[in-house]
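All values below were derived from every heavy atom in this structure, side-chain atoms included, with hydrogens, water molecules and symmetry-related copies excluded. First the proteins, then the strands, lettered A, B, ... as listed; each starts at 1.
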Protein chains: 2
Amino acid sequence: MSSEARGAGHVSGVPLPALPPTLADVAERAGVSRQTVSNALNNPDLLRADTLARVRQAIAEMGYSPNRAARNLRTRTSSLIGLRFGPAQEGTANATMDRFVHSLVEASELAGYHVLLFPGDDDDEAVTGYDNLLRSTAVDAFVITDTYLGNPQAAWLTRQRAPFVAFGRPWHDHTARHPWVDVDGAAGTRLATEHLLAQGHTRIAWIGWRKDNPIGEDRRSGWFNAMHDQGLSTTGLASRVEDTINSGAEAAAVLLDESEPTAFVCASDTLAMGVLHTLWIRQLAPGTDIAVVGFDDSQVAQVFPVGLTSVRQPLEDVAVEIVRVLGSLLNHQPVQERGVLLTPTLVVRESSGVADPAERTAT
Amino acid sequence: MSSEARGAGHVSGVPLPALPPTLADVAERAGVSRQTVSNALNNPDLLRADTLARVRQAIAEMGYSPNRAARNLRTRTSSLIGLRFGPAQEGTANATMDRFVHSLVEASELAGYHVLLFPGDDDDEAVTGYDNLLRSTAVDAFVITDTYLGNPQAAWLTRQRAPFVAFGRPWHDHTARHPWVDVDGAAGTRLATEHLLAQGHTRIAWIGWRKDNPIGEDRRSGWFNAMHDQGLSTTGLASRVEDTINSGAEAAAVLLDESEPTAFVCASDTLAMGVLHTLWIRQLAPGTDIAVVGFDDSQVAQVFPVGLTSVRQPLEDVAVEIVRVLGSLLNHQPVQERGVLLTPTLVVRESSGVADPAERTAT
DNA sequence: GGCGACACTTGGAACGATCAACAGGGGGGT
DNA sequence: ACCCCCCTGTTGATCGTTCCAAGTGTCGCC
């Protein structure tokens, strides 16, 4: 084992002693005072180069790492970001949350934060969770993920002056003043539609969610505007249904019978799976006879034998943005933008009719 | 708003003051000393009933909650359980991890713990993560989830005397002495096989993973033994492939051609999806012509038009067991069992040939 | 009435870090 | 030669809780 000084990522080969070393221990070994060691960690610029090196060596030799609790107590921070991890959404093909959490964990780590999960099946439980964590100063900030109509969580957190960033726009609440990060769904469906237009399709159908869902209407507008920009009619080419495979399959059947579209853009991969199902039943080849594009790039889309072309949300970027805004918030720096809107990409696979797309990505 | 005293779940309607109340504030209001308030929280038995009530009322009125950092510092605990949240496994139909994390979060909450996520793409990064969290006393214990052959994480944690519980048996390391909780995969596939046998199938094929995967071999043994218990031959009925849809589809095609099975038991839903694909191509109706059973009860299984019968791991129970063992470990109580093995259930859907199963569950 | 046992309560110290304020040394300007 | 200030590093106090050992009151018993 080398004895050279290493940085924060140091991993000692020896077992942890019963009581880990403290700042004072390191100070004594390095022949300096506690505060100097503290400065070596938090304000290295204040130290002379040789002193800094000496302290760092002592830190490395002893395998010292600052006690979290003590630091938290003194600085009134925790370096923890709270995230409600509600009940698993079984029964849908959507694993967006999973991917997002991964991205958030990584982005947080880079910014020196960790992610703390807490349960909460409904709004009341969620608020109780927020309240407990806030009162006990267990977390520095929150990330909230569902910003559906009238969600009381954002309003409650705002009232408590708790720092938080939302993944998702405050669709119905124009008075909301909290920072948010979201993905431009309309841009995604426009991308999908233009991808199909570029291949000569003119009768491109839409299968989306019910009208009261603002996210669904947003995605729909991308298809709608892309069509009309080309002077193409959308009459009879749109359907609004529940987000289930069966609904998607039925809607596709009806549209095929009544309007003879050559391509489908869907508000979700779940609906797109329904379309694929109908195509199979009718012996129509996805990609060759009829093109299909989904939304979310779910596991099903990736894994299916006929790869499903799908709009992919840049969740990694979303997480990075959220952490960035959170950082500004916590350092009392002004947050320039109220909201950040990111553009998704299109993952092209066989179902949209491009021969051997080899997982191409269009932007 | 009522002014009656409420318990720990109290949610105040008023915004949080700039500085939350402390133990001393509550003590002053209740006309007692700090220690008495502390006892009211941690050792209520020590207080006279009327004093306890008075203190509790003050706590409720002020919306007091003990400062986490101070408590952690003093007691050298954090009430946090560390869980590595590695890279998302895209490209498989498996969302087991997601469901497990949810269960763990809920079970932890009930036991007074929270779950802390940290990244780590490979073993080295994971160990670095463990090391940092341990040295800074940021977590009380760990839960580790992948116990594949030669995983150095368990050995490292053992060497550091860090409390941890593994989800998964230490398959290859018989010297391992750490506690673990796992699901009996063989029992699951036996359940699946016997379910098919009960419906008159005798030529039941197996599609599993490569031989070097002990989990796959375990699951295979359940099918194998169930068949032989009935005096049925398994010759030519087994296939070992990669865990992809395409591999499953190819294996199914070969088996159908060469051995004419009437049912398939698969080591994963991913492979089962492949089987379904081959059936579609060959115009064979799943459930009616050929029965199929998967493993993991993934979203795909639940969501597919032809519901996929699948073995479901009792992840909720796994989480509860893990937290229980963790609790014993942290309270220095002896842990009776080295390992806990839980039995999965079978979720019956259309693909196994039962008419209108209506999501029945067999145990 | 006094004494001891018991039950409950109290003030002081400690956990380990950071904040605030200050001490000594050296260099530059007047 | 003097003053001042910057640079570097030190000391005492503090965050809010729990542990420790001693204090106070009440009660029963002789």
- Task: Just say parallel, tilted or perpendicular for the rings of A:Trp156 and A:Tyr130, cut-offs at 30° and 60°.
- Result: parallel

- May I ask you to say whether B:Arg29 pairs ionically with B:Asp25, meaning some side-chain N is under 4.0 Å from a carboxylate O? no

- Query: OP1, OP2 of D:dT17 versus side-chain N and O of B:Asn72: anything below 4.0 Å?
  - Reply: no

- Task: Report the distance from atom CG of A:Leu117 to atom CZ of B:Phe85, rounding to the nearest 0.5 Å.
- Result: 7.5 Å

- d(CZ, B:Arg71; C1', D:dC15) in whole Å: 16 Å

- A:Arg76 side chain: which of C:dT18, D:dT17, D:dC15 is closest? D:dC15

- Query: Considering only heavy atoms and no angle criterion, is a donor-acceptor pair shorter than 3.5 Å present between the side chain of B:Arg74 and the base of D:dT17?
  - Reply: no

- Counting heavy atoms from C-beta on, name the nucleotide in C:dT18, D:dG16, C:dG11 closest to the side chain of B:Gln35. C:dG11

- Please check the phosphate of D:dT17 (OP1 and OP2 only) for any side-chain N or O of B:Thr75 closer than 4.0 Å. no

- Task: Using the side chain to side chain donor-acceptor pair (under 3.5 Å) rule, take A:Thr77 and A:Asp140 through it: C-alpha gap first, then chi angles, then the decisive distance, then the call.
- Result: CA-CA 6 Å; A:Thr77 60; A:Asp140 289 346; 4.7 Å; no

- Task: Could you tell me whether the phosphate oxygens of D:dT11, OP1 or OP2, come under 4.0 Å of any side-chain nitrogen or oxygen in A:Ser33?
- Result: no

- Answer with base, sugar-phosphate or nothing: what part of the nucleic acid does A:Leu73 contact at a heavy-atom distance below 4.0 Å? base

- Is any side-chain N or O of B:Thr22 closer than 4.0 Å to OP1 or OP2 of D:dG16? no

- Can you find a side chain N or O atom of B:Asn39 that sits less than 4.0 Å from OP1 or OP2 on C:dC8? no

- Is there a donor and acceptor pair closer than 3.5 Å between the side chain of A:Arg34 and the base of D:dG12? yes

- Message: When you measure from the side-chain N and O atoms of A:Thr36 to the phosphate of D:dT10, is any distance below 4.0 Å, counting only OP1 and OP2?
- Response: yes

